[in-house]
Amino acid sequence: MIDSFLINNSLQKKWLEKFKTVEDTFRKRAEYNDLNSTFPFENIEWLVKEGYSLLTLPVEYGGEGATIEDMVVLQSYLGSIDGATALSIGWHLSVVGQLYEQNMWQQEMLDQFAGEIKKGALVNRAVSEADTGSPTRGGRPATHAVKTENGYQLNGVKTFTSMSKALTHYIVAAYVEELEEVGFFLVPREFKGVEIADNWNMIGMRATESHDLVLNDVIVPYEYFVEGRRKPQPNGWILHIPSTYLGIAQAARDYAVEFAKSYGPNSIEGTIANLPTVQQNVGKMESLLLSARHFLWSTAKGYQTIEDNPNVWNETAASKILVMNQGLEVVDLAMRIVGAKSLEMERPLQRYYRDMRAGLHNPPMEDAAYTNIAKSVLDLF
């Protein structure tokens, strides 16, 4: 349940009303998709058909022009319905938002790709590799690009490619041998040599189908070398990650509260909602969610006045860490309220627990976030 006073414009209200029409359907699919490690194709198709994939595309390019704050509000709600669906579409929203806000490509390519998005294109970055770990740690990718007469030839394997089978485009990080630096290439799915390994087998976020992306002698045109070395900028669009996990924690809280209000063993009068221990845990859950939600919302709002918020990088990293750690505690408290029944596969709490654990390994990593915040405070950059 999102605080009503945080909903502050017609765009947010429109999408929240749309979500309410499908939330029961999405929730029913979530259990099946998790158990079978099946991607929520029907959910994503609905989102694209309704125009949600245009959410963060600027109005001048034919999109909805959502702000980072809009995205955080909507992704939190969608995450409470189905975490895997929210995280998957969130990567697309984040990539598109950053690309066009920071004008990361040549104008001709931005114009061209906006046309693709309006026709239903879905995109994600493919940057992780088995040998390098998280790309935020700076390892040089083994995936490499060699300039040829016909374009750049790409070879390599990318891990954790969320939404892999539904994507129409991949933005691939590769080491460009002629430049001796890392660059990014736009790779459409239909290009020859692009394969999905079909090897995603995790206990958390199973339905994202984040399989390996395999590139075998893929030739891309020169103009599809879209990004080279550039000065890092604050990226508020990455807040789609804590937004999704905040939604999952909210769902766990909601389930536990409804359970407490309805479950009454014959050893007590009334329901367990009357027990002091349960009330203490509910109070803790609510307090943790309130602080996480308001910190995340204020960080998102800070990007609307970024020139006045030079430390917004710190707030962005801290938002993810705060939401994840407090969200994990919320899920744990919810499971304590429900008791051993929370472990039943027919109940969603065990899925919320597994999906929340997966969030620890989304960027930024906790140790890197704390180190960077410390360096900023200590003037060590």
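Side-chain atoms are counted along with the backbone in the values below, which use heavy atoms only and exclude waters and symmetry mates. We're numbering straight along the sequence, starting at 1.
Here R351 does not pair with E31 in a salt bridge; the nearest charged N to carboxylate O distance is not below 4.0 Å. Ion pairing between a basic and an acidic side chain is recognised when a charged N comes within 4.0 Å of a carboxylate O; K165 and D198 show such pairing. In summary, R354 and D34 engage in a salt bridge, as defined by a charged side-chain N under 4.0 Å from a carboxylate O. Between K28 and D24 there is no salt bridge, since no side-chain nitrogen of the basic residue lies less than 4.0 Å from a carboxylate oxygen of the acidic one. Of the charged side-chain nitrogens involved, at least one lies within less than 4.0 Å of a carboxylate oxygen, so that K14 and E64 count as a salt-bridged pair.
At distances below 3.5 Å, at least one donor-acceptor pair connects side-chain atoms of K118 with backbone N or O atoms of Y61. Not a single donor-acceptor pair under 3.5 Å links the side chain of E227 to the backbone N or O of F185. Counting only distance, with no hydrogens or angles, the side chain of Y100 and the backbone of A114 share a donor-acceptor pair below 3.5 Å. Remark: side-chain polar atoms of W313 are not paired, donor with acceptor, to backbone N or O of N372 under 3.5 angstrom. Listed for the D70 side chain is a donor-acceptor partner under 3.5 Å among the backbone atoms of T67. Although no hydrogens or angles enter the test, the distance criterion places a donor-acceptor pair under 3.5 Å between the side chain of T56 and the main chain of L93. Listed for the D82 side chain is no donor-acceptor partner under 3.5 Å among the backbone atoms of R27.
The closest side-chain donor-acceptor pair between S243 and Y77, if any, does not fall under 3.5 angstrom. Residues T38 and N33 bring no donor and acceptor atom of their side chains to less than 3.5 Å of each other.
Between F19 and W46, the ring planes are tilted. Angles from 30° to 60° get that label.
The two residues A300 and E69 make their nearest non-hydrogen contact at CB-CA, 3.8 Å. P141 and A173 make their closest contact through CB-O, 4.3 Å (heavy atoms, listed as atom of the first residue, atom of the second, distance). Scanning both residues, I44 and M163, for their nearest heavy atoms gives CD1-SD, 4.4 Å. A249 and L289 get closest at one heavy-atom pair: CB-CD2, 3.9 Å. When all heavy atoms are compared, the tightest approach of G62 to L57 is C-CD2, 4.2 Å. Pairing each heavy atom of V48 with each of G120, the nearest pair is CG1-CA, 3.9 Å.
Between D212 and the choices N199, T161, T159, the side-chain hydrogen bond (donor to acceptor under 3.5 Å, both in side chains) rule is met once, by N199.
Atom CZ of F259 is surrounded by more than 12 heavy atoms from other residues, nucleotides or ligands within 6.0 Å. The environment of CZ in R347 is crowded: more than 12 heavy-atom neighbours from other residues, nucleotides or ligands sit within 6.0 Å.
Both L110 and L186 belong to a single network of hydrophobic side chains, linked directly or stepwise wherever heavy atoms of I, L, V, M, F, W or Y lie under 4.5 Å apart. A chain of hydrophobic side-chain contacts below 4.5 Å, direct or via other Ile, Leu, Val, Met, Phe, Trp or Tyr residues, connects V172 to L179. Note on I196 and V218: same hydrophobic cluster, where clusters join Ile, Leu, Val, Met, Phe, Trp and Tyr whose side-chain heavy atoms are under 4.5 Å apart, directly or indirectly.
Aromatic pair Y152/F225: ring centres closer than 6.0 Å. Under the 6.0 Å cut-off for aromatic ring centres, H211 and F160 do not qualify, their centroids lying 6.0 Å or more apart.
Taken to the nearest 0.5 Å, the CZ atom of F39 stands 8.0 Å off from the OG1 atom of T208.
Relative to the six-membered ring of F184, R125 meets both conditions, a distance below 6.0 Å and an angle of at most 45° to the axis.
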